[in-house]
Amino acid sequence: MNKIFSTERTSEEYITLNSCGIQKFYDTDGICLRENGRIDYHILYVADGFCYFTYNEETHKIPQGNIILFYPNEPQQYSFHACDKSVSYFIHFTGTGCEKILEKANPENKRVLYIGKNVHFEEVFDKLIREHSLKQHSYEMYSSGLLIELFSIISRYASIKRANIEKKQEVIMEDSLLYIYKNLADVTVSELAAKHYLSTGRFSHIFKEVTGSSPLEYINHMKIQKAKDMIAYTDYPINKIARDIGIDDQNYFSRLFKKHTGLSPSEYRKTSFS
């Protein structure tokens with residue numbers, strides 16, 4: 001974690017990504033000590049294992065599912081132990097809108113926010129890392145949009161924790177979201193409900209209470225997100241992409257895609273390569 005070169009900068013844009021990545025501490029420890037911090041904002045998401053975070057001269061063992069937030073010019077001291085097999089995601093970002101965004105995502109101004117082990121968050125984070133690595137046309141704008149999406153997820157799940165959603169409901173949702181992610185092409189709402197011994201109506205009510213959207217809306221959103229990636233980064237025919245996400249009717253797929261993106265699949269492909 002030694003600093004070879006600096007990605008630190010400030011920007012007059014609303015929100016700008018400076019750097020991001022994923023770190024895996026399987027064979028070695030990791031230690032970070034920045035006495036004067038950075039001039040930008042810094043977030044760590046503990047995906048697996050633990051982060052040992054020192055704040056106000058007290059060290060806290062932060063488990064997976066937590067976000068650690070550092071403000072500009074604030075001392076940063078944290079470490080990872082190889083024995084924990086830890087994985088962390090990090091973002092450094094800046095911009096005139098950062099303070100306002102963080103106020104909405106973290107109204108209590110906490111340095112550690114628990115959002116749970118979050119597949120949706122990790123999926124968007126992985127897209128952000130890919131955009132930053134590939135640096136294709138307009139990647140800066142795309143990255144800024146993904147940053148805002150990440151903070152929206154943080155805000156949503158942190159509010160769920162503050163609202164004291166029952167642990168049983170939280171477990172149902174975490175299991176359901178992971179199941180949707182792994183079985184996107186075939187999953188149905190009735191299957192998810194039956195998996196948790198609930199009626200479709202009761203399951204749908206819990207799902208919307210926790211996530212803010214119905215199960216079908218969420219599944220369709222995930223399908224369109226996957227379709228967008230396949231359209232942009234492969235040359236697969238549109239009908240194959242539709243089938244791969246579990247939609248056999250290409251006309252229905254095109255209508256659904258346009259509803260979510262404002263463009264037909266073929267129009268979206270043209271804009272991706274223009």
Side-chain angles (χ1 to χ4, degrees), residues 20-24 26 45-49 63-67 85-89 114-131 133 146 149-150 152-154 156-157 160-161 165-200 202-234 236 238-250 252-253 256-257 260-261 265:
C20 61
I22 183 171
Q23 296 175 308
K24 299 179 180 180
Y26 293 162
Y45 166 66
V46 186
D48 289 302
Q64 70 176 35
N66 278 284
I67 300 283
K85 306 299 181 185
S86 299
V87 177
S88 76
Y89 290 75
Y114 180 65
I115 65 169
K117 177 70 173 174
N118 196 299
V119 174
H120 187 192
F121 186 82
E122 292 180 18
E123 179 191 38
V124 177
F125 217 129
D126 287 337
K127 290 175 70 174
L128 184 66
I129 293 170
R130 183 178 65 198
E131 280 299 314
S133 299
L146 290 172
E149 185 173 359
L150 282 176
S152 299
I153 295 170
I154 291 172
R156 174 176 294 171
Y157 283 91
I160 288 172
K161 304 307 176 184
I165 298 296
E166 292 181 11
K167 183 64 178 177
K168 182 179 179 180
Q169 293 181 351
E170 182 183 332
V171 170
I172 289 172
M173 288 305 100
E174 288 182 356
D175 179 74
S176 297
L177 294 178
L178 183 60
Y179 191 83
I180 291 169
Y181 181 73
K182 291 182 176 181
N183 303 276
L184 187 58
D186 305 315
V187 66
T188 65
V189 178
S190 58
E191 176 188 8
L192 288 168
K195 193 170 183 292
H196 295 96
Y197 306 100
L198 296 169
S199 69
T200 301
R202 177 59 180 157
F203 174 80
S204 297
H205 176 78
I206 293 172
F207 194 99
K208 188 163 187 175
E209 183 180 17
V210 175
T211 67
S213 63
S214 71
L216 185 58
E217 288 170 342
Y218 183 87
I219 291 168
N220 283 339
H221 170 77
M222 294 289 286
K223 287 185 175 185
I224 295 304
Q225 289 301 114
K226 183 174 181 179
K228 284 168 64 177
D229 282 349
M230 294 176 73
I231 290 170
Y233 299 108
T234 76
Y236 293 156
I238 300 301
N239 60 350
K240 172 178 168 47
I241 292 172
R243 290 195 303 271
D244 283 353
I245 63 169
I247 300 176
D248 294 328
D249 185 336
Q250 187 175 336
Y252 171 71
F253 168 69
L256 184 66
F257 191 91
H260 280 256
T261 67

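Predicted model only: the values in this text are computed from it and were never measured.
When side chains are defined from C-beta on, F203 counts as touching S176, because their heavy atoms get closer than 4.5 Å. Residues F125 and I153 have side chains not in contact (no heavy-atom distance under 4.5 Å, counting atoms from C-beta outward). L184 is listed as a side-chain neighbour of K223, based on a closest heavy-atom distance under 4.5 Å. Proximity of K228 to H260: side-chain heavy atoms (C-beta onward) are nowhere separated by under 4.5 Å. Within the 4.5 Å cutoff, side-chain heavy atoms of I172 are placed close to those of L198. At a threshold of 4.5 Å between non-hydrogen side-chain atoms, the residues V189 and S204 count as touching.
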Compile the donor-acceptor pairs under 3.5 Å between side chains in residues 238-247 and protein atoms, sequence neighbours left out, one pair per line.
from, atom 1, to, atom 2, distance (Å)
K240, NZ, D244, OD2, 3.1

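For the atom pair CD1 of I219 and CG of N183, the computed distance is 10.5 Å after rounding to the nearest 0.5 Å. Rounded to the nearest 0.5 angstrom, L177 CG and F121 CZ are separated by 14.5 Å. Separation of atoms NE2 (H120) and CG (L178) is listed at 13.5 Å; rounding is to 0.5 Å. Between the CD1 atom in I67 and the CD1 atom in I154 there is a gap of 4.0 Å [rounded to 0.5 Å].
For R130, the side chain to side chain donor-acceptor pair (under 3.5 Å) partners at least two apart in sequence or on another chain are D229. Applying the salt bridge (Lys or Arg N to Asp or Glu O under 4.0 Å) test to E131 and every residue at least two apart in sequence or in another chain returns nothing. Under the side chain to side chain donor-acceptor pair (under 3.5 Å) criterion, E191 pairs with Y179, not counting sequence neighbours. Judged as a side chain to side chain donor-acceptor pair (under 3.5 Å), and not counting sequence neighbours, the contacts of K195 are D175. Taking the side chain to side chain donor-acceptor pair (under 3.5 Å) definition, one finds that S214 meets it with E217, sequence neighbours left out.
Within a 6.0 Å sphere centred on OH of Y236, heavy atoms belonging to other residues, nucleotides or ligands number 12 at most.
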What's the verdict on side-chain contact (heavy atoms from CB on, under 4.5 Å) for M230 and K226, showing C-alpha distance, side-chain angles and the deciding distance? CA-CA 6 Å; M230 294 176 73; K226 183 174 181 179; 4.2 Å; yes
Let me see the working for C20 and L128 under side-chain contact (heavy atoms from CB on, under 4.5 Å), right down to the final yes or no. CA-CA 8 Å; C20 61; L128 184 66; 4.2 Å; yes
Walk me through it: do M173 and I206 pass the test side-chain contact (heavy atoms from CB on, under 4.5 Å)? CA-CA 8 Å; M173 288 305 100; I206 293 172; 3.9 Å; yes
Quick one, Y181 with V187, criterion side-chain contact (heavy atoms from CB on, under 4.5 Å). Give me CA distance, side-chain angles, the key distance, then yes/no. CA-CA 9 Å; Y181 181 73; V187 66; over 6 Å; no
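Ring orientation note: the planes of Y218 and H221 are tilted relative to one another, at an angle of 30° to 60°.
For the pair S86 and G49, the tightest heavy-atom approach, listed with the atom from each and the gap, is OG-CA, 3.6 Å. Considering every non-hydrogen atom in both F257 and I224, the closest pair reads CA-CD1, 3.8 Å. Taking all atoms of both residues into account, the shortest heavy-atom contact from I22 to I129 is N-CD1, 4.0 Å.
For the pair D249 (side chain) and Y252 (backbone), a donor-acceptor distance under 3.5 Å is present. Distance alone, capped at 3.5 Å, is enough to place a donor-acceptor pair between the K117 side chain and the A47 backbone.
With 3.5 Å as the limit, one finds no donor-acceptor pair spanning the side chains of Y45 and N66.
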